[in-house]
Amino acid sequence: MTGDGNLPINGAVRPASPRPSFDLALAAGPLLACGVAAPLLALAATLAAMAAYPGFNPARQYLSELGGPSAAHPLIFNAGVFAAGVMAALAGAGFCLAMVRLANARFAGALTAAVFALAGAGLAQAAIYHWPDRRHLAINLALGIQLAPLLLIWGLWPLAGLKRLKLFLALVFAAMGVLTVLTKHLVLPSLVNDANVGWWERGYAILLVGWVGVTAFALQRSLRDAPLPQK
């Protein structure tokens, strides 16, 4: 039974149930999964393309040749690189959302997403335009993700629980710096030469994309353990 105005007799009004806040972790999860999968896809495509290229010399030849005119089945490598590029761009968006969700690092997150978007675009274009087409040089945009470990460290710096991840990112950044100096012949110019350039390029590529998968997996776990956001 109710009184005037359809209120309960005792005048009490039940408070409305609070609407749950949108959790960025829900959106970041699938995007970070792309970051975990992209290096594995790139590795699988590279190994399959090498197996389909009789006489390919991993010590002397560049990876781009797996998708070039001399390759028997260039689509294997190019399709893998294109897909990995798209997934890298999606992973960048996942890193951004994770940084905002965990540390409210909006600016650092946006810069990280931009770096990965450029890298993804460079990979995709390089997969479409094969060397010696000059447009293939867009692959150099992928080198921009060398800055991403520093951006992630910056954004995640306030989080005491991610010390090991931040140390890992610092070591990755330092290692990529060393490889850049060596492969550009800025020091020890005879170390990287025509007889071994392929091995150096593969090591560089593994480091350049491998850390992305490790970091994406670590952030996935951090998001799962993070408390739900308050409205």
Side-chain angles (χ1 to χ4, degrees), residues 35 38-74 76-82 84-85 88 91 112 115-116 118-154 165-215:
L40 299 176
L41 174 63
L43 176 62
T46 300
L47 293 176
M50 290 175 64
Y53 190 141
F56 181 78
N57 187 333
R60 291 181 173 271
Q61 290 183 264
Y62 291 95
L63 288 173
S64 295
E65 296 180 58
L66 293 171
S70 62
H73 303 283
I76 298 174
F77 183 74
N78 292 325
V81 171
F82 184 90
T112 303
V115 166
F116 272 91
L118 287 173
L123 287 169
Q125 181 168 321
I128 296 172
Y129 301 105
H130 318 135
W131 184 255
D133 190 315
R134 300 290 293 179
R135 288 170 290 184
H136 182 80
L137 293 176
I139 189 69
N140 290 323
L141 290 174
L143 299 179
I145 65 171
Q146 291 181 101
L147 298 175
L150 285 185
L151 294 172
L152 282 157
I153 292 172
W154 175 29
L165 176 59
K166 287 180 281 190
L167 176 60
F168 169 75
L169 291 170
L171 292 174
V172 165
F173 178 77
M176 287 193 293
V178 170
L179 285 175
T180 298
V181 169
L182 292 175
T183 55
K184 297 296 183 183
H185 305 286
L186 299 178
V187 297
L188 303 175
S190 62
L191 184 62
V192 181
N193 53 59
D194 290 341
N196 60 26
V197 64
W199 294 122
W200 283 98
E201 186 196 32
R202 278 148 195 75
Y204 197 176
I206 290 171
L207 181 62
L208 192 66
V209 301
W211 75 267
V212 176
V214 174
T215 304

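For clarity, every value in this text was computed on a predicted model and none was experimentally measured.
Every residue meeting the side chain to side chain donor-acceptor pair (under 3.5 Å) condition with S64, not counting sequence neighbours, appears here in chain and number order: H136.
Counting all heavy atoms, side chain and backbone alike, E65 lies closest to A71 at O-CB, 3.6 Å. P54 and A72 make their closest contact through CD-CB, 4.4 Å (heavy atoms, listed as atom of the first residue, atom of the second, distance). Taking each heavy atom of I145 and V115 in turn, the nearest pair found is CA-CG1, 3.5 Å. Closest non-hydrogen pair, A195 versus A59, comes out as O-CB, 3.5 Å. Nearest heavy atom pair, residue T183 against residue L179, reads OG1-O, 2.7 Å. Of all non-hydrogen atoms in P149 and L169, the two that sit nearest each other are CB-O, 3.6 Å.
Within 6.0 Å of the CG atom in N57, the count of heavy atoms belonging to other residues, nucleotides or ligands exceeds 12. Annotation for H185: atom NE2 counts as buried by contact number, over 12 foreign heavy atoms lying within 6.0 Å.
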- Go through the steps to decide whether L123 and F82 satisfy the test side chain to side chain contact (heavy atoms under 4.5 Å, CB included), and finish with yes or no. CA-CA 6 Å; L123 287 169; F82 184 90; over 6 Å; no

- side chain to side chain contact (heavy atoms under 4.5 Å, CB included) evaluation trace for R202 with W199: CA-CA 5 Å; R202 278 148 195 75; W199 294 122; 4.2 Å; yes

- Go through the steps for Y129 and L137 under the test side chain to side chain contact (heavy atoms under 4.5 Å, CB included), then give the verdict. CA-CA 9 Å; Y129 301 105; L137 293 176; over 6 Å; no

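Atom CD1 of I153 and atom CG of L167 lie 8.5 Å apart (nearest 0.5 Å). In this structure, CH2 in W131 is found 14.5 Å from CG in L63, a value given to the nearest 0.5 Å. Atom OG1 of T180 and atom CG of L143 lie 7.0 Å apart (nearest 0.5 Å). Taken from CD1 in I76 to CE in M50, the straight-line distance is 12.5 Å, to the nearest 0.5 Å. Atom CG of L150 and atom CE of M176 lie 8.0 Å apart (nearest 0.5 Å). For the atom pair W200 CH2 and N193 CG, the distance stands at 10.0 Å (nearest 0.5 Å).
The shortest distance between side-chain heavy atoms of L152 and W211 falls below 4.5 Å.
For the pair E201 (side chain) and V197 (backbone), a donor-acceptor distance under 3.5 Å is absent. A donor-acceptor distance shorter than 3.5 angstrom exists from the side chain of N196 to the backbone of L191, with no hydrogens or angles considered. Between the side chain of Q125 and the main chain of G122, no donor-acceptor pair closer than 3.5 Å is present.
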